[in-house]
Amino acid sequence: GEKGEEGCKVCDELGDTIKELEMAEEGTALFEQLKALNPLVEERIYLRGGKWRIDTLKFDIEACSGMAAGEEEDEGMCGIDGCG
(Lines give C-alpha, C1' and ligand atoms only; values in the text may rest on other atoms or scores of the structure.)
Protein backbone atom coordinates (compact mmCIF):
# COMPACT_ATOMS: atom_id res chain seq x y z
CA GLY A 1 0.00 0.00 0.00
CA GLU A 2 0.94 3.58 0.56
CA LYS A 3 3.35 2.84 3.43
CA GLY A 4 5.40 0.61 1.16
CA GLU A 5 5.59 3.33 -1.46
CA GLU A 6 6.59 5.95 1.11
CA GLY A 7 9.19 3.59 2.51
CA CYS A 8 10.68 3.15 -0.95
CA LYS A 9 10.69 6.89 -1.51
CA VAL A 10 12.47 7.42 1.81
CA CYS A 11 15.01 4.69 0.96
CA ASP A 12 15.62 6.24 -2.45
CA GLU A 13 16.17 9.68 -0.90
CA LEU A 14 18.50 8.19 1.72
CA GLY A 15 20.43 6.38 -1.01
CA ASP A 16 20.76 9.64 -2.96
CA THR A 17 21.98 11.44 0.16
CA ILE A 18 24.57 8.75 0.87
CA LYS A 19 25.78 8.91 -2.75
CA GLU A 20 26.11 12.71 -2.52
CA LEU A 21 28.10 12.42 0.72
CA GLU A 22 30.42 9.83 -0.82
CA MET A 23 30.96 12.07 -3.85
CA ALA A 24 31.65 15.04 -1.55
CA GLU A 25 34.27 13.02 0.32
CA GLU A 26 35.82 11.81 -2.94
CA GLY A 27 35.81 15.36 -4.33
CA THR A 28 37.48 16.75 -1.22
CA ALA A 29 40.16 14.04 -1.33
CA LEU A 30 40.77 14.57 -5.05
CA PHE A 31 41.00 18.34 -4.61
CA GLU A 32 43.57 17.91 -1.83
CA GLN A 33 45.56 15.61 -4.11
CA LEU A 34 45.45 18.16 -6.94
CA LYS A 35 46.33 20.98 -4.53
CA ALA A 36 49.44 19.02 -3.48
CA LEU A 37 50.47 18.84 -7.15
CA ASN A 38 49.58 22.45 -7.86
CA PRO A 39 49.09 24.86 -4.93
CA LEU A 40 47.62 27.51 -7.24
CA VAL A 41 44.39 25.63 -8.02
CA GLU A 42 41.20 27.18 -6.70
CA GLU A 43 38.34 25.25 -5.14
CA ARG A 44 35.73 27.40 -6.91
CA ILE A 45 36.81 25.93 -10.25
CA TYR A 46 36.05 22.38 -9.16
CA LEU A 47 33.16 22.90 -6.73
CA ARG A 48 30.09 24.23 -8.51
CA GLY A 49 26.67 24.52 -6.95
CA GLY A 50 27.89 22.57 -3.94
CA LYS A 51 28.94 19.59 -6.10
CA TRP A 52 32.46 18.54 -7.00
CA ARG A 53 33.34 18.14 -10.66
CA ILE A 54 34.91 14.70 -10.10
CA ASP A 55 35.78 14.01 -13.77
CA THR A 56 37.53 17.37 -14.11
CA LEU A 57 39.48 16.80 -10.89
CA LYS A 58 40.62 13.36 -12.04
CA PHE A 59 41.62 14.68 -15.46
CA ASP A 60 43.64 17.56 -13.99
CA ILE A 61 45.36 15.28 -11.48
CA GLU A 62 46.43 13.02 -14.35
CA ALA A 63 47.59 16.01 -16.36
CA CYS A 64 49.58 17.49 -13.47
CA SER A 65 51.18 14.21 -12.55
CA GLY A 66 52.11 13.53 -16.17
CA MET A 67 50.31 10.22 -16.06
CA ALA A 68 47.53 10.91 -18.55
CA ALA A 69 46.65 7.97 -20.75
CA GLY A 70 49.18 7.41 -23.48
CA GLU A 71 51.86 9.67 -22.00
CA GLU A 72 55.26 8.69 -20.70
CA GLU A 73 56.03 9.79 -17.15
CA ASP A 74 58.55 12.42 -18.25
CA GLU A 75 56.19 13.94 -20.82
CA GLY A 76 53.80 15.61 -18.35
CA MET A 77 52.06 18.40 -20.18
CA CYS A 78 49.77 20.15 -17.77
CA GLY A 79 47.99 23.23 -19.00
CA ILE A 80 47.13 24.43 -15.50
CA ASP A 81 49.02 27.49 -14.22
CA GLY A 82 51.51 26.61 -11.51
CA CYS A 83 51.58 22.95 -12.40
CA GLY A 84 54.98 21.31 -12.81
The side chain to side chain contact (heavy atoms under 4.5 Å, CB included) partner of Asp60 among Leu34, Leu30, Asp55 is Leu34

What are the two closest non-hydrogen atoms of Cys64 and Asn38, and how far apart are they?
SG-CB, 4.4 Å

Non-neighbouring partners of Arg48 that pass salt bridge (charged side-chain N to carboxylate O under 4.0 Å, His left out), sequence neighbours left out:
none

Quick check for you: to the nearest 0.5 Å, what is the distance between [X] atom [atom1] and [Y] atom [atom2]?
{"X": "Glu43", "Y": "Thr28", "atom1": "CD", "atom2": "OG1", "answer": "7.5 Å"}
{"X": "Asp16", "Y": "Cys11", "atom1": "CG", "atom2": "SG", "answer": "11.0 Å"}
{"X": "Ile61", "Y": "Leu57", "atom1": "CD1", "atom2": "CG", "answer": "6.0 Å"}

Please check this pair: side chain of Arg53 against backbone of Ile45, looking for a donor-acceptor N/O pair closer than 3.5 Å.
yes

Give a yes or no on this: more than 12 heavy atoms of other residues, nucleotides or ligands lie within 6.0 Å of atom NZ of Lys35.
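Yes, the 6.0 Å shell around NZ holds more than 12 heavy atoms from other groups.
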
The side chain to side chain donor-acceptor pair (under 3.5 Å) partners of Lys58 (sequence neighbours excluded) come to Glu26

Centroid-centroid distance, Trp52 to Tyr46, less than 6.0 Å
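No - the distance between ring centres of Trp52 and Tyr46 does not fall below the 6.0 Å cut-off.
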
